[in-house]
Amino acid sequence: MKIAFLGLGNMGSHMARNLVDAGYSVTGFDVVQAAIKVAAEHGVTPAETAEDAVNGADVVITMFPAGKHVLEAYSSGLLAAADPGILFIDSSTIAVDDAVQAAKLATDAGHLALDAPVSGGTTGAEKGTLTFMVGGSQEAFDKAKPLFDVMGRQVVHAGESGTGQAAKIVNNMALAINTIGTAEAFTLGKNLGLSHQTLYDVMSTSAAQSWSVTTNCPVPGPVPGSPASNDYRPGFATGLMAKDLTLAREAIESTNTPADFGMAAYRAYTEFNSEDTSGKDFSAIIATKQKG
Ligand code: NAD
């Protein structure tokens with residue numbers, strides 16, 4: 001099976017390399033030359049253009065920053081450059097509506113299409129332990145599954161086109177709310193005289209236990225491997241969380257869903273996200289809860 005991989009950035013570079021290591025023939029393209037060069041050092045065949053990369057491919061995987069890049073690529077000759085009836089997988093995190101539109105462009109051109117965003121960050125991409133949330137037909141899913149199994153550990157077929165993106169942004173909205181709640185709990189606990197370790201010992205074994213407490217605890221100390229214990233190095237960057245919450249806000253508004261806490265999390269991360277913070281782990285938002 002020949003794969004074209006477009007978008008060889010922080011995530012795509014690792015995902016493409018894992019496919020090469022698993023024995024697939026992978027041709028890669030990125031608008032940044034340096035990214036193609038690094039990928040080529042890891043066994044990816046470099047292409048001069050996106051169209052060259054998809055020429056003769058059985059599967060095209062895109063891993064772009066945002067929905068506009070996916071829609072631009074799908075609308076500008078990429079679909080026509082491919083052999084008839086191949087599979088297009090978009091693993092970028094984009095709006096549900098954009099994912100549905102992208103899939104329609106691909107299927108109208110006679111191809112199979114999946115939205116397949118991931119969680120697990122660059123570490124998951126590097127280690128091949130990503131979670132894939134997949135929207136699209138069973139036929140497309142069955143064809144893509146062996147590739148997801150190489151790049152990831154957990155694969156969920158959520159339903160028709162757009163449902164992969166829906167699962168991704170809903171999950172991240174809940175995660176943001178949970179993290180802010182945990183940050184407020186640790187701050188209030190401290191103001192009431194509880195040490196971080198004491199509160200961690202209680203919360204990590206009580207009903208408020210969650211990933212935001214036991215793995216990504218927002219205060220330094222209780223979890224040695226957490227971003228907070230390592231100067232808030234991500235992890236999952238604040239800038240990406242702010243982006244995903246913008247997609248969640250759009251979905252909340254377009255579906256008219258009562259989601260006050262989701263909207264509050266969107267506002268909190270949008271305000272917190274700045275040049276200084278966008279590269280820090282999203283648990284660093286606890287700084288906004290601390291006095292003076
Ligand atoms: P990135 O910016 O590092 O990589 C994206 C790459 O796409 C860049 O190298 C860029 O040059 C390239 N690109 C843009 N338009 C292109 C085009 N038309 N043709 C070819 N290449 C093009 O971003 P990333 O961190 O790899 O994230 C990619 C996607 O995955 C985003 O949608 C992000 O939200 C999502 N995501 C990222 C993480 C993470 O931890 N980094 C985790 C989960 C999901």
Side-chain angles (χ1 to χ4, degrees), residues 4-18 26-40 42 44 46-54 57 60-79 81-82 88-96 98-99 102 105 115-134 148 151-154 164-165 167-173 175-176 216 227 233-248 250 269 273 278-283:
F5 207 112
L6 312 181
L8 300 164
N10 292 325
M11 298 290 286
S13 55
H14 295 301
M15 294 160 75
R17 182 183 39 75
N18 283 331
V26 182
T27 301
F29 176 73
D30 194 292
V31 286
V32 175
Q33 272 299 322
I36 304 182
K37 197 160 168 270
V38 172
H42 291 105
V44 172
E48 301 230 325
T49 65
E51 286 75 19
D52 284 351
V54 305
V60 177
I61 304 175
T62 45
M63 194 54 171
F64 294 158
K68 66 176 181 197
H69 305 103
V70 180
L71 290 174
E72 268 167 30
Y74 278 26
S75 311
S76 66
L78 196 67
L79 300 171
F88 279 78
I89 303 172
D90 178 44
S91 280
S92 329
T93 302
I94 68 176
V96 175
D98 287 348
L105 286 169
D115 52 292
V118 299
S119 75
T122 50
T123 309
E126 187 175 1
K127 293 189 174 154
T129 56
L130 293 169
T131 294
F132 281 86
M133 293 147 269
V134 189
F148 294 146
M151 297 182 283
R153 191 161 51 192
Q154 177 77 11
Q165 298 292 351
K168 165 85 185 171
I169 60 172
V170 165
N171 178 66
N172 278 9
M173 182 188 79
L175 173 61
N216 222 51
R233 275 196 296 276
F236 185 51
T238 295
L240 289 174
M241 179 54 100
K243 173 197 158 182
D244 290 359
L245 287 168
T246 302
L247 301 178
E250 285 168 21
Y269 274 100
N273 186 30
S278 71
K280 290 189 175 178
D281 187 74
F282 76 112
S283 61

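In what follows, every heavy atom counts, from backbone to side chain, and hydrogens, waters and symmetry copies are set aside. Both counts, for ligands and for their atoms, begin at 1 and track the order of listing.
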Inset, instruction - Give the minimum heavy-atom separation between Gly235 and Pro227, together with the two atoms involved. - result: CA-CG, 4.2 Å

Inset, instruction - For ligand 1, would you mind listing the residues that have at least one heavy atom less than 4.0 Å away, ordered by chain and number? - result: Gly7, Gly9, Asn10, Met11, Phe29, Asp30, Val31, Val32, Met63, Phe64, Pro65, His69, Ser92, Thr93, Val118, Gly121, Thr122, Lys168, Leu240, Lys243

Legend entry - Shortest non-hydrogen contact from Ser278 toward Asn273: CB-OD1, 3.0 Å

Inset, instruction - Could you list the residues that satisfy ring pair (Phe, Tyr, Trp, His ring centres under 6.0 Å) with Phe236, not counting sequence neighbours? - result: Phe282

Legend entry - Flag, side chain of His42 to backbone of Ala39, donor-acceptor distance under 3.5 Å: no

Inset, instruction - Check side chain to side chain donor-acceptor pair (under 3.5 Å) between Ser92 and all other residues, then give those that pass, not counting sequence neighbours. - result: Asp90

Using distance only, find each side-chain donor-acceptor pair of residues 123-132 under 3.5 Å and give its atom names and separation, not counting sequence neighbours.
none

